[in-house]
Amino acid sequence: MSPKDWGFALLIVFAWGFNFVIIHWGLDGVPPLLLGALRFTLVAFPAILFVPRPRIAWRWLLAYGLTISFGQFAFLFTAMKIGMPAGIASLVLQSQVLFTLLFAALLLREHWLPHQPFTLGIAALGLFVLATQQGQNGMTLAGFLLTVAAAASWGMGNIINRYITREGSLNLLSLVVWSGLIPPVPFFIASYWLEGPALIVESLQQIQLHSVLAVVYLALVATLYGYVAWGRLLQRYPVAQVAPLTLLVPLVGLMCARLFLDEQLTRWQWLGILLVLLGLVLNIFWPRYLRLRRQSAQQQPKA
């Protein structure tokens, strides 16, 4: 990877890690479902007037928007509103890897590699340890479970993305912009139903500058820049080279939450975090270790 692309990759990782602090700030004055509606409205408009629609069926665009965008962030924003620390949320959301592999096995009949039940079992154990820490540092069980639901929605969106890419090469900006057209409708409906028209009107009338800047960041930096730039890296370099960088996102998220939100974690929460990270790291790098070991053994001279 060129130094320039390394810079882009690290910028994306920081943007996505800092994203959880931005969500925390954005939720101060704007209810979660309304925040999601505003975010994706800005993603789609006015860009949709200038970016052509991707050449995929509407059903795939609808499915992608409802899972990756609406489902994931409706659960995540609500979780962080009712009791999910930003740093832990950045880590738990990475359990999307587990759900992606699970859905791939169930829906695409893909077989797990021999090491994956063990490595992902470690990550699942870490999630269980975190779940037992409800009531610590403001984390509620409902907030934790909603974050897991957000990860499951992301995982299902990854499977839908697999179907979409089978139809041929796509303009990534077109996919992000036009899929952003889908979630504002269910977000506004859910906000009207669950948060109420009075709260919506009051929030919009009294919206503060930090909430406006949060919406701009979530739409333009975390979504448009982040997804498009990341997709281009995946097109330019092998997935095995780019994908491990996502492991840096929760590390940045935890660091930013500590610096900007003064989030303190218990020893058991750190243990859960380390187990999740260990499982995810082993899931990516264990096959490489075995491959290098076999190559080394083959290159050794025979006695």
Stepwise side-chain contact (heavy atoms from CB on, under 4.5 Å) test for Leu108 and Tyr163: CA-CA 10 Å; Leu108 303 179; Tyr163 280 103; 3.1 Å; yes
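- A distance-only check finds no donor-acceptor pair linking the side chain of Ser203 to the backbone of Val30 [under 3.5 Å].
- Atoms CG and CG, on Leu33 and Leu38 in that order, are 11.0 Å from each other to the nearest 0.5 Å.
- For His210 against Asp28, the heavy-atom pair with the smallest separation is NE2-O, 3.0 Å.
- Enclosure of atom CH2 in Trp193 is not indicated, since only 12 or fewer non-hydrogen atoms of other residues, nucleotides or ligands lie within 6.0 angstrom.
- In this structure, the side chains of Phe75 and Val148 stay at 4.5 Å or more apart for every pair of heavy atoms.
- Taking each heavy atom of Leu76 and Ala89 in turn, the nearest pair found is CD1-CB, 4.2 Å.
- Atom-to-atom distance recorded for Leu61:CG and Ile182:CD1 is 5.0 Å, nearest 0.5 angstrom.
- Annotation for Met80 and His24: closest pair CE-N, 4.0 Å, computed over non-hydrogen atoms.
- Linking Ile, Leu, Val, Met, Phe, Trp and Tyr whenever their side-chain heavy atoms come within less than 4.5 Å puts Val43 and Trp16 in one cluster.
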Verify side-chain contact (heavy atoms from CB on, under 4.5 Å) between Met84 and Leu146, making sure each step is shown before the conclusion. CA-CA 9 Å; Met84 188 61 177; Leu146 284 174; over 6 Å; no
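- A donor-acceptor pair under 3.5 Å is formed between the side chain of Ser179 and the backbone N or O of Val176.
- Residues Glu195 and Pro32 meet the side-chain proximity criterion, which asks for heavy atoms closer than 4.5 Å.
- Under the 3.5 Å distance criterion, the side-chain polar atoms of Thr119 are matched with a main-chain donor or acceptor of His115.
- The neighbour count for Arg232 CZ, taken as heavy atoms of other residues, nucleotides or ligands under 6.0 Å away, does not exceed 12.
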Passes side-chain contact (heavy atoms from CB on, under 4.5 Å), Ile68 versus Ile160? Steps please. CA-CA 9 Å; Ile68 282 280; Ile160 292 169; over 6 Å; no
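- Heavy atoms of other residues, nucleotides or ligands lying less than 6.0 angstrom from CH2 of Trp286 number 12 at most.
- The two residues Arg39 and Ala219 have their closest heavy-atom pair at O-CB, 3.4 Å.
- Here the closest heavy-atom approach between residue Ser90 and residue Leu254 is recorded as OG-N, 3.9 Å.
- Interatomic distance, Tyr64 OH to Met156 CE, rounded to the nearest 0.5 Å: 14.5 Å.
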Begin from the C-alpha positions of Ile273 and Val129 and carry the test side-chain contact (heavy atoms from CB on, under 4.5 Å) through to its verdict. CA-CA 9 Å; Ile273 288 169; Val129 172; over 6 Å; no
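- Put simply, Trp58 and Val185 are part of two different groups of oily side chains (I, L, V, M, F, W, Y) that touch within less than 4.5 Å, one to the next.
- Remark: side-chain polar atoms of Ser2 are paired, donor with acceptor, to backbone N or O of Asp5 under 3.5 angstrom.
- Counting heavy atoms of neighbouring residues, nucleotides and ligands inside a 6.0 Å radius, atom OH of Tyr192 does not exceed 12 of them.
- Looking only at distances, no side-chain donor or acceptor of Ser69 sits under 3.5 Å from a matching main-chain atom of Leu66.
- Checked by atom type and distance alone, the side chain of Trp178 pairs as donor or acceptor with a backbone atom of Val51 at under 3.5 Å.
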Stepwise ring pair (Phe, Tyr, Trp, His ring centres under 6.0 Å) test for Phe40 and Phe70: CA-CA 9 Å; Phe40 286 100; Phe70 173 68; 9.1 Å; no
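- The shortest side-chain heavy-atom distance between Leu175 and Ile56 falls under the 4.5 Å cut-off.
- Note on Leu98: it does not cluster hydrophobically with Leu113, by side-chain heavy-atom contacts below 4.5 Å among ILVMFWY residues.
- For the pair Val215/Thr41, no side-chain contact is recorded, criterion being any heavy-atom separation below 4.5 Å from C-beta on.
- Expressed to the nearest 0.5 Å, how far CG of Leu130 lies from CG of Leu91 amounts to 6.5 Å.
- In terms of modelled atom types and a separation under 3.5 Å, the side chain of Ser191 and the main chain of Phe187 share no donor-acceptor contact.
- Two residues are said to be in side-chain contact when any heavy atoms from C-beta on lie closer than 4.5 Å; Asn158 and Phe103 fail this criterion.
- Residues Ile189 and Leu35 are members of separate hydrophobic clusters, defined by side-chain heavy-atom contacts under 4.5 angstrom among Ile, Leu, Val, Met, Phe, Trp and Tyr.
- The number of heavy atoms from other shown groups lying within 6.0 Å of CZ (Phe8) does not exceed 12.
- Atom CD of Gln94 sits about 7.0 Å away from atom CG of Leu280, to the nearest 0.5 Å.
- Aromatic pair Phe118/Trp112: centroids not less than 6.0 angstrom apart.
- Ion pair Arg162/Glu110 flagged as a salt bridge, since at least one NZ, NE, NH1 or NH2 atom sits closer than 4.0 Å to an Asp/Glu carboxylate oxygen.
- Across all non-hydrogen atoms, the minimal contact from Leu245 to Val13 is O-CG2, 3.6 Å.
- Taking hydrophobic clusters as Ile, Leu, Val, Met, Phe, Trp and Tyr residues chained together by side-chain heavy-atom distances below 4.5 Å, Val97 shares a cluster with Ile12.
- Separation of atoms CG (Leu125) and CG (Leu120) is listed at 12.5 Å; rounding is to 0.5 Å.
- Side chain of Tyr217 to backbone of Ala15: a donor-acceptor contact under 3.5 angstrom is found.
- Side chain of Glu263 to main chain of Gly87: a donor-acceptor pair is present (N/O by atom type, distance under 3.5 Å, no hydrogens or angles).
- Ring centroids of Phe99 and Trp154 are separated by 6.0 Å or more, keeping the two rings apart.
- Ring pair Phe77/Phe73 is tilted by interplanar angle, where 30° to 60° counts as tilted.
- Using a 4.5 Å cut-off on side-chain heavy atoms (C-beta onward), Gln264 and Asp262 make contact.
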